[in-house]
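Just so we're on the same page: letters track the sequence lines, and every chain starts at 1.
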Number of protein chains: 2
Amino acid sequence: MPTTTAAQQRAEAKLSYNAFLEGCPSRQLLARISDKWVALILAALSDEGPGTEGGGEPRAMRYSELSRQLTGVSQKMLTQTLRALERDGLVIRTVTPTVPVTVTYELTELGVSLQQVMRGLKQWAEAHMDEVFVHRGDYDAREA
Amino acid sequence: MPTTTAAQQRAEAKLSYNAFLEGCPSRQLLARISDKWVALILAALSDEGPGTEGGGEPRAMRYSELSRQLTGVSQKMLTQTLRALERDGLVIRTVTPTVPVTVTYELTELGVSLQQVMRGLKQWAEAHMDEVFVHRGDYDAREA
DNA sequence: GGAGTTACGCACTTTGAGGTGCCTACTTCC
DNA sequence: GGAAGTAGGCACCTCAAAGTGCGTAACTCC
């Protein structure tokens, strides 16, 4: 028997996750940005493409344009992720009934503010991830 | 046939993910903090418990202590996550050969600096997630 | 008149993160 | 001498996120 049974843990969780677990806004935010393509879509829509080095000016993009920039994304996941972002008020979807229908996506003000935070992550990553990789190498070398 | 076949996309990805996809440090960082328990462990180790409202002073904690605070975590996941964080140089594991062996975990300097960034996320969440929830409600209401 | 484009929808399948249960060695307490 | 606590290891299972394939409506171009 483990220190506490699974049933006990579940029961406790139901009572005490009120402020620190599951339902709290921070967890929800993490769940959002953890989606595989969310960060990339936000980055693309704020013009942080690979070659461009844009100043981060928010920019409207077409579905096909996004699909080209996010190399490897499936059409299903792109649509699904964009819908989720639209639902959360982070992007706006605009349909223009042209010859073949044109759909553009653009960051909202809320989306832009979130992207600012994501930049903080990016900066930390650029500053410290190499250090993390060194640690990983050392750790793995010690194991072998 | 979709606009590009899956095989084509894979081939392109292999050539062009150098700076914007997969291997880039930002993605790696996201993968780390997306682990279900990472954020909570970092928070606990920097004394951001639910009732305490600690000032964020980094604090060494025992395995069992963490297990109690992170309501609902399984022993396997706690061990697994702690090992990953140790491997990345974000926490230090200290074994003291007392009566029953005592193991403590503590944030490294690197871990503390990451936790700072996580606080940025937390602050955005506290400031804007309610707005997101409103958007969700509106969106869902329109659908029905 | 058939091929191509845009922006998807739908159904099926796969993959891996996470969960669960069962096990340990050592010691101390009652 | 059996129960309990500490810090895990190991093997199996589940389920949801992500991927794959195929279809579509409307129109246009050649």
**Q** Residues of residues 91-98 of chain B with any non-hydrogen atom less than 4.0 angstrom from an atom of DNA chain C: list those, numerically ordered, please.
**A**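 Listed by number, there are none.
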
**Q** I want to confirm an ordering. Mapping A:Pro100 and B:Thr104 to their closest nucleotides on DNA chain D, which one lands closer to the 5' end?
**A**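 Its nearest nucleotide being more 5', the pick is B:Thr104.
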
**Q** Any salt bridge (charged side-chain N to carboxylate O under 4.0 Å, His left out) pairs touching residues 93-116 of chain A, not counting sequence neighbours?
**A**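 Pairs touching residues 93-116 of chain A that pass the test: none.
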
**Q** Would you please name every residue forming a side chain to side chain donor-acceptor pair (under 3.5 Å) with B:Thr96, sequence neighbours left out?
**A**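 B:Thr96: no side chain to side chain donor-acceptor pair (under 3.5 Å) contacts found.
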
**Q** Nearest whole angstrom, please: distance from the C1' of D:dG19 to the CG of A:Asp35.
**A**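 About 15 Å, once rounded to whole Å.
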
**Q** In whole Å, what is the span from the CD atom of A:Glu65 to the C1' atom of C:dT5?
**A**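 Between C1' of C:dT5 and CD of A:Glu65: 16 Å.
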
**Q** Restricting to side chain to side chain donor-acceptor pair (under 3.5 Å), what partner residues turn up for B:Ser64, sequence neighbours left out?
**A**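 Listed in chain order: B:Arg68.
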
**Q** Output yes when at least one side-chain N/O atom of A:Ser64 is less than 4.0 Å from OP1 or OP2 of C:dA7, else no.
**A**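 Yes, because at least one side-chain N or O of A:Ser64 sits under 4.0 Å from OP1 or OP2 of C:dA7.
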
**Q** State which of C:dT6, C:dA7, D:dG8 makes the closest approach to the side chain of B:Val103.
**A**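 Looking only at side-chain atoms, B:Val103 lies closest to D:dG8.
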
**Q** Apply side-chain contact (heavy atoms from CB on, under 4.5 Å) to B:Gln80 and list each qualifying residue two or more places apart in sequence or on a separate chain.
**A**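 Only B:Lys76, B:Met77 meet the side-chain contact (heavy atoms from CB on, under 4.5 Å) criterion with B:Gln80.
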
**Q** Should A:Leu121 and B:Ile33 be marked as a side chain to side chain contact (heavy atoms under 4.5 Å, CB included) after you check the CA-CA gap, both sets of side-chain angles, and the distance that decides it?
**A** CA-CA 10 Å; A:Leu121 284 185; B:Ile33 64 178; 4.1 Å; yes

**Q** Can you tell me if B:Tyr63 and B:Thr79 form a side-chain donor-acceptor pair at under 3.5 Å?
**A**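 Result is yes, a qualifying pair exists.
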
**Q** May I have the distance from B:Leu82 (atom CG) to D:dG8 (atom C1'), rounded to whole angstrom?
**A**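 Nearest whole value for this atom pair: 11 Å.
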
**Q** Between C1' on D:dA18 and CG on A:Leu40, what's the gap in Å once rounded to a whole number?
**A**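 One finds 15 Å between C1' of D:dA18 and CG of A:Leu40, rounded.
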
**Q** Rounding to a whole Å, what distance do you find between A:Met77:CE and C:dT15:C1'?
**A**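 In whole Å, C:dT15 C1' lies 14 Å from A:Met77 CE.
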
**Q** Only counting residues at least two apart or in another chain, list the ones meeting side-chain contact (heavy atoms from CB on, under 4.5 Å) with B:Val38.
**A**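 Testing B:Val38 for side-chain contact (heavy atoms from CB on, under 4.5 Å), a comparison that skips the adjacent residues, returns B:Asp35, B:Leu42, B:Thr81, B:Leu85.
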
**Q** If the condition is side chain to side chain donor-acceptor pair (under 3.5 Å), which residues does A:Arg136 pass it with, not counting sequence neighbours?
**A**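 Partners of A:Arg136 by the side chain to side chain donor-acceptor pair (under 3.5 Å) criterion, ordered by chain and then number, come out as B:Asp88.
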
**Q** With sequence neighbours left out, write down each residue that passes side-chain contact (heavy atoms from CB on, under 4.5 Å) with A:Glu131, or none if nothing qualifies.
**A**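 Checked A:Glu131 against side-chain contact (heavy atoms from CB on, under 4.5 Å); matches are A:His128, A:His135, B:Leu110.
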
**Q** Please enumerate all protein N or O atoms sitting under 3.5 Å from an N or O of nucleotides 9-12 of chain C, with distances to 0.1 Å.
**A**
from, atom 1, to, atom 2, distance (Å)
C:dG9, OP1, A:Arg83, NH1, 3.0

**Q** Taking only N and O in the side chain of A:Arg62, is any of them less than 4.0 Å away from OP1 or OP2 of C:dT6?
**A**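 It does not, given that no N or O in the side chain of A:Arg62 lies less than 4.0 Å from OP1 or OP2 of C:dT6.
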
**Q** On the nucleotide D:dG8, are OP1 or OP2 found under 4.0 Å from the side-chain N or O atoms that B:Tyr105 carries?
**A**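 The answer is yes; a side-chain N or O of B:Tyr105 sits under 4.0 Å from OP1 or OP2.
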
**Q** Measure from NZ on B:Lys36 to P on C:dA17 and round the result to the nearest Å.
**A**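 About 14 Å, once rounded to whole Å.
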
**Q** Measure CG/A:Leu78 against C1'/D:dT20 and give the value in whole Å, please.
**A**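 Those two atoms, CG and C1', are 16 Å apart.
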
**Q** What's the CE-C1' distance between B:Met61 and D:dT6, to the nearest Å?
**A**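 My rounded result for the distance is 15 Å.
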
